[in-house]
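What follows is a set of notes on a single structure, which appears directly below.
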Amino acid sequence: MGSVFYQQSLYREHLRCFEKATYYAWESRDTLTALACYEQEALAYKRLDKNDSALAIYYDIADHYSQMGKSQDEAMTLGGTINILIESGQNKEARKMMALYETSSGLFDEHGNIEHGREIYYFLKGSLYLNENMLDSAAYWFRKELQNANDYNNQHGAARGLALVYDRKNLADSAARYYSYAYAMNDSIHANQVFKEIKQAQAMYDYTRHQAIAQQESLKSQRLTGYIRIGGFVILTLLLIIYIINYHLKQRIKQKHQQYLLCLQQIEEAQTDLLNLRSEEKGKDLVIAQKEKTISVLQEELNLYQRKKTKGYQEMLEAQLIASPIYQRFTFLSTKGQLPTDEEWKELRIIAFDLFPQFHQLLLSKSHSLNINEYNACVLIRLHFKPSDLCNMLSISSAYANKLRRNLLQKLFSRDGKAEDFDHLITAVF
């Protein structure tokens with residue numbers, strides 16, 4: 001029962017069943033079965049994002065195996081803790097578990113290669129080195145996973161890992177290449193998942209149908225079973241049709257989106273030039289006017305795309321922003337007190353304008369005449385960075401940051417007030 005619930009992603013029911021299985025195995029003094037069922041409870045807690053509970057169970061099971069002298073089973077069990085430890089930043093403990101896993105699990109050959117089908121371990125090892133900023137070592141293990149595992153999940157994980165490595169090395173071309181490959185693998189994973197869900201729906205339907213046949217003996221129940229069969233067939237057919245239509249629509253949307261991004265990039269470059277001109281000496285009115293005219297023409301073209309975005313997408317857009325590599329890069333820089341490069345500023349502005357068109361139009365208004373610092377401050381606050389992050393990434397004092405935000409409140413919204421009032425208003429613009 002627990003295994004069926006797990007396949008259906010019903011992890012709480014999975015946990016409930018294995019708790020009973022563990023209890024009765026202990027009652028019958030079947031130690032090995034009890035420990036095997038107990039380990040399934042840890043798996044359920046991992047899926048439910050209760051990693052502390054999962055770790056406690058893994059360590060408890062490993063202790064039992066150690067007392068029984070089963071070092072191989074102990075190592076196999078502790079292998080389940082590795083990804084939790086890496087994700088929580090416990091690098092020292094993760095390295096300790098890896099050493100035990102490699103020496104005692106019996107899964108590795110004399111050259112240190114894990115048995116086929118378990119190549120996800122290379123991703124974990126690459127992730128550990130990435131956490132420790134040992135980029136060359138991380139790249140080695142991600143490449144090993146890419147070369148030795150052919151399934152979509154491993155290919156996606158390895159490609160994304162390499163993209164993160166090159167992103168940290170500031171090798172934009174290499175990072176973009178692996179991000180693109182990871183994106184393609186993600187599409188394949190999605191397609192594969194759709195078919196799995198169809199098969200799962202069929203299996204659930206068959207289970208329900210057979211259960212109904214066993215419980216009902218009348219003519220009425222047989223007719224009802226027939227209706228369910230027809231309904232299931234119709235649902236499966238609709239799912240297949242929707243998948244096919246969605247695939248073709250995505251191809252068309254992707255092509256249009258490339259045109260949209262090109263237009264957006266041209267606007268951003270022209271706007272950056274304009275902001276730099278405003279920050280320099282006066283007497284460049286003609287050049288500024290030409291730049292403003294260029295932006296106006298491009299903005300009209302951009303509006304054709306942006307009108308298709310509605311407020312109903314707001315939550316999705318915010319989630320897409322947080323998941324983007326450039327947002328994560330700026331989050332990292334803010335914690336380290338490091339200054340972004342001009343290229344990183346440009347990439348951040350492009351994603352802000354892509355996701356939030358009304359915010360873009362607000363900043364493009366000629367009457368505001370923002371300089372480059374004000375412009376970047378608006379982008380950071382709109383993307384939910386804290387005022388302290390503003391100070392770090394613009395290299396300004398806290399007092400100046402407050403004054404800057406109060407001035408922007410007057411420039412953009414024609415209001416007097418506190419710096420926090422500006423933060424509230426600018427964050428609400430989509």
Side-chain angles (χ1 to χ4, degrees), residues 1-68 70-88 97 101 105-107 114-121 123-124 151-154 157 189-190 192-216 225 228 232 235-236 239:
M1 287 175 65
S3 297
V4 170
F5 285 130
Y6 183 83
Q7 292 173 5
Q8 297 172 352
S9 301
L10 299 173
Y11 301 122
R12 294 190 182 279
E13 295 301 318
H14 165 86
L15 176 61
R16 180 180 60 81
C17 288
F18 275 102
E19 284 175 343
K20 289 186 176 181
T22 303
Y23 173 81
Y24 287 109
W26 282 122
E27 284 293 300
S28 60
R29 299 182 181 179
D30 186 350
T31 302
L32 293 179
T33 299
L35 293 176
C37 294
Y38 195 25
E39 190 166 352
Q40 288 293 321
E41 292 181 42
L43 184 59
Y45 281 120
K46 285 172 67 174
R47 297 298 185 185
L48 293 169
D49 290 327
K50 296 184 177 181
N51 290 331
D52 289 342
S53 299
L55 283 176
I57 291 175
Y58 281 128
Y59 288 140
D60 192 15
I61 295 172
D63 186 59
H64 277 86
Y65 281 133
S66 178
Q67 294 176 22
M68 296 164 64
K70 293 182 174 292
S71 59
Q72 185 173 357
D73 290 323
E74 177 188 5
M76 290 284 289
T77 299
L78 291 174
T81 67
I82 294 172
N83 65 323
I84 299 176
L85 294 170
I86 291 174
E87 290 175 1
S88 61
M97 294 300 104
Y101 189 67
S105 67
L107 300 176
I114 200 167
E115 69 178 26
H116 184 65
R118 297 177 183 268
E119 289 84 2
I120 191 65
Y121 179 76
F123 175 81
L124 296 177
D151 62 282
Y152 294 136
N153 284 315
N154 273 294
I189 292 171
H190 174 70
N192 192 45
Q193 184 64 28
V194 168
F195 284 111
K196 282 185 179 179
E197 289 174 357
I198 290 174
K199 291 176 65 177
Q200 181 180 338
Q202 181 66 54
M204 292 174 65
Y205 161 71
D206 289 342
Y207 174 81
T208 304
R209 179 171 60 85
H210 291 307
Q211 186 181 52
I213 291 173
Q215 293 176 349
Q216 301 175 8
T225 301
I228 295 174
I235 290 172
L236 290 173
L239 285 173

Nearest 0.5 Å, please: how far is CZ in Arg12 from OH in Tyr45? 9.5 Å
In short, Tyr101 meets Ala75 closest at the heavy-atom pair CD1-O, 3.3 Å
Any idea which heavy atoms bring Leu124 and Ile86 closest together, and the distance? O-CD1, 3.1 Å
Side-chain (Thr22) to main-chain (Phe18) donor-acceptor, under 3.5 angstrom: yes
Does Glu119 use its side chain to pair, donor to acceptor, with the backbone of Gly117 at less than 3.5 Å? yes
Please report the closest heavy-atom contact between Ile82 and Met97, naming both atoms and the distance. CG1-CB, 3.9 Å
Could you go step by step and tell me if Arg16 and Glu13 meet the salt bridge (charged side-chain N to carboxylate O under 4.0 Å, His left out) rule? CA-CA 5 Å; Arg16 180 180 60 81; Glu13 295 301 318; 2.8 Å; yes
What closest approach, in Å, do Ala42 and Ala54 show between heavy atoms, and which atom pair accounts for it? O-CB, 3.6 Å
Give a yes or no on this: more than 12 heavy atoms of other residues, nucleotides or ligands lie within 6.0 Å of atom OH of Tyr24. no
Please confirm whether the backbone N or O of Gln40 pairs with a side-chain atom of His14, one donor and one acceptor, at under 3.5 Å? yes
Could you walk me through whether Leu43 and Tyr6 pass the side-chain contact (heavy atoms from CB on, under 4.5 Å) test, one step at a time? CA-CA 10 Å; Leu43 184 59; Tyr6 183 83; 3.8 Å; yes
Close side-chain approach of Lys46 to Asn83, heavy-atom, < 4.5 Å: yes
Could you check if a side-chain atom of Lys70 sits within less than 4.5 angstrom of a side-chain atom of Leu35, using non-hydrogen atoms only? no
Say you draw a straight line from OG of Ser3 to CD of Gln8; how long is it, rounded to the nearest 0.5 Å? 11.0 Å
State, yes or no, whether a side-chain contact exists between Tyr65 and Thr31 at a heavy-atom distance under 4.5 Å. no
For Ser105 and Met76, work out which heavy atoms get closest and say how close. CB-SD, 3.9 Å
Validation row: Leu15, Arg47 side chains within 4.5 angstrom (heavy atoms): no
Measuring from atom CD of Glu19 to atom OH of Tyr38, what distance do you get when rounded to the nearest 0.5 angstrom? 10.0 Å
Measure the CH2-OG1 distance between Trp26 and Thr33 for me, rounded to the nearest 0.5 Å. 10.0 Å
Would you compute the distance between atom NZ of Lys50 and atom OH of Tyr11 and round it to the nearest 0.5 angstrom? 14.5 Å
Shortest non-hydrogen contact between Asp63 and Gln67, atoms and distance: OD2-NE2, 2.9 Å
Rounded at 0.5 Å granularity, tell me how far CD1 in Ile57 sits from OG1 in Thr77. 12.0 Å
